[in-house]
Number of protein chains: 2
Amino acid sequence: MDPISILVVDDHQMVLDGLSAMLRPFADEAIVVATTTDPNKARSLAAELHPQVALLDVRMKAMSGLELCEHLRRDDPQLKIVLLTVYDDEQYLFQGLRAGASGYLTKQVVAEDLVAHLRRVLDGEVVVDPSLAGRVALSAARLDRGEFWPGAHLGLSQRESEVLELMVHGNSNRAVAARLMLGEETIKTHVRSIFRKLEVSDRTQAVALALREGIFL
Amino acid sequence: MDPISILVVDDHQMVLDGLSAMLRPFADEAIVVATTTDPNKARSLAAELHPQVALLDVRMKAMSGLELCEHLRRDDPQLKIVLLTVYDDEQYLFQGLRAGASGYLTKQVVAEDLVAHLRRVLDGEVVVDPSLAGRVALSAARLDRGEFWPGAHLGLSQRESEVLELMVHGNSNRAVAARLMLGEETIKTHVRSIFRKLEVSDRTQAVALALREGIFL
DNA sequence: ACCGTCCTCCCCCGAGAGAGGGAGGCAAAG
DNA sequence: CTTTGCCTCCCTCTCTCGGGGGAGGACGGT
């Protein structure tokens, strides 16, 4: 496995240096390929280097991490984004996740935990710092344990969420069935449930809603 | 042609009254079916009455017009939205258009211009107050003159762009045809052209691509 | 024990979607 | 003038989609 390539964006040069130094001993698992204090430069860096993950400070002078997060996701939906904060409050957590972030960590995180978290993020999971997870009670706790799945806030079940994601990626009912190793009729039932819960009448509207909600890449 | 049904949302009762009075002489072309100062109530009103157009103030206490715009479009993608502002700056213009608005007018607008603008909006055009259009230079000017259309950078023609937008908003081929006053077969031809240019094979993927590119709302 | 939700699969059936072809008009560019 | 692209409309054909119904098993809460 190649080491995870990381782009770091933070107002404070100190943090950039600190993170790079912190991860250097783990160079075989994760390497910082670029750092910048300029959010605008972050976009061009991401476009040039195509890192796998971007670590963003939530609060920055020029542009908020949340705003930058949206920009980066628009530029490259594949890029995973993890928000960093010194503030261990949950105020920006949900905003961050809504903006498309895959993780929300405090700067107290230690290197080996960070590496582990990044690996989970690349596996498609959403990671939240346990110290935050404790405070945001149920919802965030579920998030951290993986009991949470995209679209849950819309009332979708886990299976329905999986089906919707495959629909978003252009799969037909039959293709979804093949990927999930289920019968096509089963998928059609799930699809009808999704329509009912999302209050739409066809897959195009369902996909449009999912993308507008920012549920899937 | 039935008169255009309008929902007006504004913080100031004065403006609501003013608009209603202003449009009364044009009752055969456009009628205000409901007004409210409460953005939250606007959503239920829109759901009940299904007006064709919603006129929203950009700046309101409870909720910004931009936010409300997104909500309303989510509730009913068919609903056209025109933003009203006292501020003749272009600051919120692009945000508004990104939020799904079909028009951006200043409150200096006179009744007959407003009616004309609303009719153009219902025809699928995007209208911008000329006094603003002058300032936002090239891009907005082109928008206003129709020389520019979303998706042009993907090689789509203007007609194809219009069709794609209506597809994104959940319209079937037949519905698109009705809205553009064309034959369904014509739409199917355009749709095939869109698929070819976008290198996709069905409308769901086309819509997903458009939304990911951020072309439409 | 019952009810609700989820997950799985089956049937029928109509309507729409999408691929394939053709065709006429019109304007800009070669 | 011919080509190329765009816009409009028509035909056939296949297949997926989406609505309607039912059914059985699993799990968890009341």
Side-chain angles (χ1 to χ4, degrees), chain A residues 138 141-142 145-210, chain B residues 77-78 123-125 145-210:
Chain A
L138 292 165
R142 285 183 187 150
R145 295 195 222 106
E147 296 174 9
F148 192 72
W149 57 88
H153 63 99
L154 297 174
L156 297 183
S157 71
Q158 190 162 6
R159 217 21 156 189
E160 289 158 358
S161 175
E162 293 175 321
V163 172
L164 217 205
E165 179 169 20
L166 290 168
M167 285 167 63
V168 168
H169 292 352
N171 294 97
S172 65
N173 288 340
R174 188 168 297 169
V176 173
R179 281 183 169 259
L180 296 180
M181 298 189 298
L182 295 172
E184 185 175 349
E185 296 303 322
T186 305
I187 301 305
K188 290 178 71 175
T189 304
H190 288 314
V191 168
R192 279 199 295 272
S193 298
I194 293 170
F195 291 168
R196 189 169 26 82
K197 290 182 177 178
L198 264 44
E199 297 177 332
V200 298
S201 55
D202 61 62
R203 68 203 298 106
T204 304
Q205 294 177 55
V207 166
L209 182 71
Chain B
Q78 313 298 340
D123 282 336
E125 288 190 51
R145 294 196 222 107
E147 295 175 8
F148 187 73
W149 61 87
H153 62 100
L154 296 174
L156 297 183
S157 71
Q158 188 165 5
R159 222 14 162 193
E160 288 158 358
S161 174
E162 293 175 319
V163 172
L164 217 204
E165 179 170 21
L166 290 168
M167 286 166 62
V168 167
H169 293 348
N171 294 96
S172 67
N173 288 339
R174 188 168 299 168
V176 173
R179 288 195 163 244
L180 297 180
M181 298 189 298
L182 295 172
E184 184 176 349
E185 296 304 320
T186 304
I187 302 305
K188 292 177 75 173
T189 304
H190 288 315
V191 168
R192 279 198 297 275
S193 298
I194 293 170
F195 291 168
R196 189 169 28 81
K197 290 181 178 179
L198 264 44
E199 296 177 333
V200 298
S201 54
D202 60 62
R203 68 202 297 104
T204 304
Q205 294 178 54
V207 166
L209 196 151

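Within every chain, numbering begins at 1; the chains are lettered A, B, ... in the order of the sequence lines, protein sequences first and strands thereafter. Just so it is clear, the model here is predicted, and its values are computed rather than measured. Only heavy atoms go into these numbers, but all of them, side chains included; no hydrogens, no water, no symmetry mates.
Residues A:Val163 and A:Leu156 are not in side-chain contact: their nearest non-hydrogen atoms beyond the backbone lie 4.5 Å or more apart. Between B:His169 and B:Gln78, the closest side-chain pair of non-hydrogen atoms is not below 4.5 Å. Counting heavy atoms from C-beta on, the side chains of B:Leu182 and B:Val176 never come closer than 4.5 Å. Side-chain atoms of B:Phe195 and B:Gln205, non-hydrogen and from C-beta on, never get closer than 4.5 Å to each other. Contact of the B:Leu198 side chain with the B:Leu164 side chain is registered, since non-hydrogen atoms from C-beta on lie closer than 4.5 Å.
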(request) With side chain to side chain contact (heavy atoms under 4.5 Å, CB included) as the test, would you mind laying out the steps for A:Arg203 and A:Ile194 before giving the verdict? (result) CA-CA 9 Å; A:Arg203 68 203 298 106; A:Ile194 293 170; over 6 Å; no

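No more than 12 heavy atoms of other residues, nucleotides or ligands shown are found within 6.0 angstrom of CD on A:Glu199.
Contact detail for A:Val168 and A:Ala210: the closest heavy-atom pair is CG2-CB, 3.9 Å.
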N/O to N/O distances under 3.5 Å, protein versus nucleotides 24-30 of chain D:
none

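Taking five base pairs at each end of the helix from C:dA1-D:dT30 to C:dG30-D:dC1, the local helix axes there meet at an angle of 40°, rounded to 10°.
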(request) Classify every nucleotide of nucleotides 5-19 of chain C by which part a protein heavy atom approaches to under 4.0 Å, writing B for the base, S for the sugar-phosphate alone and - for neither, in 5'-to-3' order. (result) -SSBBBB----SSBB

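For the 3.5 Å distance criterion, the side chains of A:Ser157 and A:Glu160 qualify, holding a donor opposite an acceptor.
Summarising the geometry, atom CD belonging to B:Glu162 is positioned 12.5 Å from atom CZ belonging to B:Arg179; distances are rounded to the nearest 0.5 Å.
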